[in-house]
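Structure, as structure tokens:
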Amino acid sequence: MIRAVVRGIGSYLPERVMQNAEFANDLGLDTSDEWIRERTGIQQRYIAAHGQTTADLGYEAAKKALAHADCMPADLDLVLVATSTPDLTFPSTATMIQHRLGMSHGAAFDVQAVCSGFLYGIHLASKLIEAGAHKRILLIGAETFSRILDWDDRGTCVLFGDGAGAVVLEAEEGSERGVIHSVIRSDGAHKDMLYVDGGPSATGTVGKLRMLGNAVFKHAVKDIAGIIEQCADEADVAVTDIDWFVPHQANQRILVAVAKRLKLRPEQVVSTVASHANTSAASVPLAMDAAVRDGRIKRGDSVMLEAFGGGFTWGACLLRY
Ligand code: UT7
């Protein structure tokens with residue numbers, strides 16, 4: 001049996017750090033560092049520089065993942081980019097990064113599932129590898145959500161940040177490691193709770209992010225806990241036997257509520273929400289990279305990834321690193 005093994009991982013954050021206090025002090029919003037920390041766990045976020053795009057962030061993360069995997073772009077046969085903030089409506093951000101990597105072989109395309117994009121990407125990439133269609137896939141989650149925020153809306157602009165993370169997935173025959181199981185879900189009935197109010201076909205504009213935060217919160221906790229249990233059950237693994245949980249980093253209170261429901265120990269749950277905020281499709285690979293770099297996640301450890309976002313979309317993936 002062929003498995004999709006994570007051969008390398010890397011991430012990139014832009015230079016500019018924006019602190020919570022700036023929303024009140026510099027933007028004049030009726031909010032505070034205390035409110036943001038208490039209700040979300042967020043302390044700061046990274047913001048892309050003027051002119052720095054999603055492809056720029058994704059390319060930097062890709063170079064780090066390739067170096068960690070000891071791979072050259074020539075070794076890849078597919079580039080996938082999970083993003084909802086592409087540089088342009090088209091061509092895809094993936095083809096831009098493919099070109100920047102010097103690749104004129106293989107294929108590249110974007111995956112759009114908002115905050116669940118990386119989970120959709122890993123589901124797709126692992127199935128393509130298991131089917132024998134591709135040998136080595138670069139999967140990137142990259143976002144510049146700062147470009148689609150309404151900076152006058154305190155209910156949303158304090159929550160998000162920019163960044164990118166990437167993995168190189170490689171086919172390995174008979175491996176104990178790699179993607180064990182993944183599940184993706186969506187339900188378009190809840191579109192109005194989390195959406196962007198513009199797009200090429202509807203308005204001819206880019207639009208701004210709109211969210212009914214409290215309603216999304218409740219769906220997120222229920223659906224994330226449910227899909228983790230489903231993924232573990234279908235893989236015939238007890239949730240409590242999994243070494244690490246790398247969740248989508250939307251709100252520390254969501255991480256705590258899900259961990260409580262599933263009886264996880266807090267130290268099993270990787271959290272970067274305090275420093276990265278919500279980076280949408282980049283949040284899971286950014287968090288996983290942080291835990292690989294600081295030595296928590298080691299080769300052979302079992303890891304459950306999960307995400308929830310606009311659509312609604314949600315997903316989970318159990319892998320052995
Ligand atoms: O990545 C996609 C998934 N996204 C999520 O999972 C986000 C899910 N939602 C959340 O993280 C939380 O719902 C929020 C952090 C967005 C909001 O926290 P909450 O505890 O659900 O608060 P709330 O929306 O019920 O609002 C409580 C109060 C309201 O004031 P009133 O109506 O009680 O007077 C809000 O207007 O907090 C107010 N509020 C703020 N106050 C200070 C909302 N945003 C802010 C703010 N600063 N930044």
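Numbering of ligands and ligand atoms starts at 1, following listing order.
The heavy-atom pair separating I137 from A125 by the smallest distance is CD1-O, 3.6 Å.
Aromatic ring orientation, W314 versus F308: tilted (interplanar angle from 30° to 60°).
For the residue pair T203 / T205, a side-chain donor-acceptor distance below 3.5 Å is found, with atom types taken as modelled.
Ligand 1 lies under 4.0 Å from heavy atoms of D30, T31, W35, R39, T40, C115, R154, G155, V158, L159, L194, M211, G213, N214, V216, F217, H248, A250, N251, R253, I254, N278, F308.
Among residue pairs with one or both ends in residues 131-147, those qualifying as salt bridge (charged side-chain N to carboxylate O under 4.0 Å, His left out) are R136-E170; sequence neighbours excluded.
Using a 4.5 Å heavy-atom cutoff, the side chains of T279 and F145 are not in contact.
Across V196, T156, L194, D150, a single residue satisfies side-chain contact (heavy atoms from CB on, under 4.5 Å) together with R210, and that is D150.
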